[in-house]
Amino acid sequence: VVGSGAAGLLLALHCADRGLHVALATKGTLQESNTAWAQGGVAAALNLEEDSPAAHVADTIAAGAGLCDVEAAEVVAREAPARVDELARLGVAFTLSLDGGLALTREAAHSHARVAFASDHTGQAISSTLADKVRASAGVTVHERVTAVSPIVSGKRCRGMWFVRQDAVFPVVAGDTALATGGVGRVFARTTNPPGATGDGMLLAGEAGAEISDVEFVQFHPTALAVSGAPALLITETARGEGGIVVDARGRRFCFDDDPRGELSSRDVVARSIFKRVQRGDEVFLDLRPIGSPDAIRARFPHIEAACARFGLDIATQPIPIAPAAHYHMGGVRTDLQGRTTVQGLYAIGEVACTGLHGANRLASNSLAECLVFAARAADDIAGRNDRPQTRSAGPPDATAAEPESIKRPADASAIAAAMWDAAGIERDAKGLSRLTSFLSSDRLESARLTRNAVEARSVWQTARLIARAALLREESRGSHYRVDFPDRDDAQWLAHIVFERESPRISRLRAVF
Ligand SMILES: Cc1cc2nc3c(=O)[nH]c(=O)nc-3n(C[C@H](O)[C@H](O)[C@H](O)COP(=O)(O)OP(=O)(O)OC[C@H]3O[C@@H](n4cnc5c(N)ncnc54)[C@H](O)[C@@H]3O)c2cc1C
């Protein structure tokens with residue numbers, strides 16, 4: 001298992017519980033992940049008196065703008081409640097309601113309150129609980145600070161990965177390999193994601209020959225901190241779900257100008273609404289004061305309060321300056337409902353994967369649900385199969401199994417991230433994207449020693465290229481992908497996925513409209 005977010009940790013535990021020997025390798029510490037930064041919660045239809053898996057499916061599909069895989073949505077809606085119960089049993093300290101059950105909150109574009117949460121640091125609660133269980137598991141060997149560099153492929157089957165630790169390059173040979181390496185936020189200059197989110201796993205899967213789909217769909221979160229010198233810290237969507245409002249400098253709630261649902265319409269709509277104002281030089285704020293008294297606000301959002309206090313802001317008494325930032329990748333390695341990629345022996349779980357759940361836009365809090373549900377399903381699949389070759393006899397290596405020595409990477413990955421934010425961010429057009437694709441041409445690469453930094457810089461470059469190419473190809477606007485020069489959704493041409501195989505794109509059309 002490569003990666004130690006919610007997907008990798010739960011997959012490792014489930015595999016170990018089924019008697020498999022698991023090596024879990026991750027490029028930082030066990031708790032370095034996007035998961036550890038998640039705030040809002042996990043979506044699951046837990047209150048069956050008011051909610052239902054069918055309503056969860058309907059909301060997911062409405063957000064996905066025609067590109068959701070209905071079966072993937074059904075699987076997640078049906079199985080997420082059991083996974084949340086499992087986390088609670090494992091010791092995740094979810095916030096409870098007065099009757100002792102799990103408290104549920106509401107987020108944008110959900111028709112019911114169905115988000116289980118642990119105060120405003122749900123991800124940290126999940127990450128630390130699962131990491132403790134993994135460390136205690138006899139079936140899992142943990143390797144921290146090792147970075148996956150390239151896949152070992154033999155006879156069209158993935159047989160493991162090459163890793164680098166400091167200066168040493170070494171192979172880990174495995175019967176099955178699962179990438180749980182998270183998303184791509186760092187490919188954009190302004191992002192809510194931590195430093196490791198550089199798309200490594202998607203590219204490793206691509207190198208192994210796996211199909212990669214829907215990469216143009218990047219979700220931009222509407223409400224990230226916008227204070228000079230501060231990172232774009234996320235201010236959770238539940239802040240709006242519980243009554244926070246978005247206003248301009250005069251205190252006007254302008255989101256209603258763009259959508260009757262105001263601040264609670266889908267993320268792409270709110271993000272564009274805010275972006276338009278920020279682009280023309282207006283300041284935009286998230287005002288939490290309508291939620292309740294200063295004490296109530298501090299009690300509900302203690303981590304956000306502490307994070308903003310570091311930059312001189314009191315969220316309980318002052319509006320918070322905000323602007324959108326890159327947040328989540330709907331695209332990734334194409335998988336089936338067991339997390340299998342199109343390469344034998346290679347799985348992709350969590351944000352790195354494209355199961356089809358999110359379509360063109362993710363519903364808030366569906367990503368942790370997807371990580372957990374597919375981790376359990378992949379473990380069932382891996383444990384239930386008996387066609388696995390012996391791990392020790394990897395067979396004759398082909399070209400991709402050769403030991404990597406150096407790496408081609410761009411000299412300045414931050415220039416790429418800046419160019420991506422400008423041309424492949426919230427508003428895109430042919431002119432900007434064409435300029436971007438020429439900027440990303442390979443003559444900017446140089447040879448470097450194998451290190452985590454070099455791998456990440458290479459990933460930023462390769463991921464940027466895929467996203468820019470797909471965004472240029474898709475001449476319409478849908479979900480999170482907004483083309484100023486093609487502002488309408490075009491089902492006649494574009495009810496389709498853009499699928500890359502060995503860097504060549506093809507357009508795969510759908511048969512039905514959802
Ligand atoms: C600020 C923030 C708030 C969020 N809030 C929510 C929320 O409330 N609800 C929700 O559902 N979602 C939320 N999300 C999204 C959600 O957190 C992620 O989609 C989810 O946690 C991804 O989990 P994962 O296990 O797939 O990947 P991650 O948690 O990102 O873990 C990836 C792991 O892979 C490792 N890795 C990567 N590349 C390599 C490599 N080459 N070699 C070795 N290891 C590697 C990383 O170090 C890391 O350990 C939020 C995201 C952010 C950034």
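Whatever order the structure lists them in is the order used to number ligands and atoms, beginning at 1.
With a 4.0 Å heavy-atom cut-off, ligand 1 is reached by the side chain of Y328 but not by its N, CA, C or O. The residue A197 has no part lying near ligand 1, judged by heavy-atom distances below 4.0 Å. Here V146 has backbone heavy atoms under 4.0 Å from ligand 1, and that is the only part of it that gets that close. Counting heavy atoms under 4.0 Å from ligand 1, residue E237 does not touch it at all. Residue-level proximity to ligand 1 for K27 is carried by backbone and side chain together, each with a heavy atom below 4.0 angstrom.
For an aromatic pair to be called close, the ring centres must be under 6.0 Å apart, and H143 with F163 fails this.
Relative to the six-membered ring of Y347, R340 misses at least one condition, a distance below 6.0 Å or an angle of at most 45° to the axis. Under the 6.0 Å distance and 45° angle rule, R272 does not count as a cation-pi partner of F220.
In this comparison of A369, A224, A38, the heavy atom closest to atom 17 (O) of ligand 1 sits on A38. Heavy-atom proximity to atom 53 (C) of ligand 1, evaluated over L10, T122, N193, is greatest for N193. Remark: among candidates T181, V149, V115, the nearest residue to atom 37 (C) of ligand 1 is T181, based on non-hydrogen atoms. With atom 9 (N) of ligand 1 as the reference point, the heavy atom nearest to it among G41, A348, G40 is part of G41. Of the listed residues (I349, D200, V352), the one carrying the non-hydrogen atom nearest atom 38 (N) of ligand 1 is D200.
A salt bridge does not link E86 to R89: none of the charged nitrogens lies less than 4.0 Å from a carboxylate oxygen. For E456 and K27, the salt-bridge test passes: some basic side-chain N is under 4.0 Å from an acidic carboxylate O. Ion pair E144/R135 flagged as a salt bridge, since at least one NZ, NE, NH1 or NH2 atom sits closer than 4.0 Å to an Asp/Glu carboxylate oxygen. We find that E107 and R240 are not joined by a salt bridge, their nearest charged nitrogen and carboxylate oxygen being 4.0 Å or further apart. In summary, D214 and R334 do not engage in a salt bridge, as defined by a charged side-chain N under 4.0 Å from a carboxylate O. Under the 4.0 Å criterion applied to side-chain N and carboxylate O atoms, R409 and E446 are assigned as salt-bridge partners. Ion pairing between R157 and D176 holds under the 4.0 Å rule for side-chain N and carboxylate O. With respect to R502 and E207, no salt bridge is recorded, no charged nitrogen being found less than 4.0 Å from a carboxylate O.
Using a 4.0 Å cut-off to heavy atoms of L234, the atoms of ligand 1 that qualify are 1 (C), 2 (C), 3 (C). If you number the atoms of ligand 1 from 1 as listed, the ones under 4.0 Å from a heavy atom of L368 come out as 9 (N), 10 (C), 11 (O), 12 (N), 21 (O). Every atom of ligand 1 is numbered from 1 in the order shown, and the set under 4.0 Å from a heavy atom of E32 is 46 (C), 47 (O), 48 (C), 49 (O). Every atom of ligand 1 with a heavy atom of T147 under 4.0 Å away is listed here by number and element: 41 (N), 42 (N). Listed by atom number, the atoms of ligand 1 under 4.0 Å from A148 heavy atoms are 40 (C), 41 (N), 42 (N), 43 (C). Contact atoms of ligand 1 toward G350: 26 (O) (distance under 4.0 Å to a heavy atom of the residue). Of all atoms in ligand 1, numbered sequentially from 1 with element shown, those under 4.0 Å from a heavy atom of E351 are 18 (C), 19 (O), 22 (C), 26 (O). For ligand 1, the atoms lying closer than 4.0 Å to a non-hydrogen atom of T192 are 1 (C), 53 (C).
Protein heavy atom nearest atom 1 (C) of ligand 1, with residue, atom name and distance: W37 O, 3.5 Å. In terms of protein heavy atoms, atom 34 (O) of ligand 1 is closest to G3 CA, 3.1 Å. With hydrogens left out, the protein atom closest to atom 12 (N) of ligand 1 is S367 OG, 2.7 Å, a heavy atom. Atom 28 (P) of ligand 1 has N34 N, 3.7 Å as its closest protein atom, hydrogens excluded (heavy atom only). For atom 25 (O) of ligand 1, the closest non-hydrogen atom of the protein is A7 N, 3.0 Å. For atom 27 (O) of ligand 1, the nearest protein heavy atom (residue, atom name, distance) is G182 CA, 3.3 Å. The protein heavy atom nearest to atom 20 (C) of ligand 1 is T35 OG1, 3.9 Å.
Residue-to-ligand polar distances keep L204 apart from ligand 1: every N/O pair is separated by 3.5 Å or more. The shortest N or O to N or O distance between T29 and ligand 1 is not below 3.5 Å.
Within a 6.0 Å sphere centred on CD of E71, other residues, nucleotides and ligands contribute 12 heavy atoms or fewer.
Using a 4.0 Å heavy-atom cutoff, H327 is listed among the residues neighbouring ligand 1. The shortest separation from a heavy atom of V2 to ligand 1 is under 4.0 Å, placing the residue in contact. At least one heavy atom of R362 sits closer than 4.0 Å to an atom of ligand 1. Under the 4.0 angstrom criterion for non-hydrogen atoms, G201 is not in contact with ligand 1. Judged by the shortest distance from any of its heavy atoms, A6 lies inside the 4.0 Å radius around the atoms of ligand 1.
Looking only at side-chain heavy atoms (C-beta outward), L46 and R114 stay at 4.5 Å or farther from each other. Between L372 and L87, some side-chain heavy-atom pair lies under the 4.5 Å cut-off.
In this model, no donor atom of one side chain and acceptor atom of the other lie less than 3.5 Å apart for Q338 and D380. Under the 3.5 Å distance criterion, with hydrogens and angles disregarded, a donor-acceptor pair is assigned to the side chains of E242 and T105. Looking only at atom types and distance, the side chain of E370 has a donor-acceptor partner in the side chain of H358 under 3.5 Å away.
Ring geometry for H121 against H303 counts as tilted: the plane angle lies between 30° and 60°, on a 0 to 90° scale.
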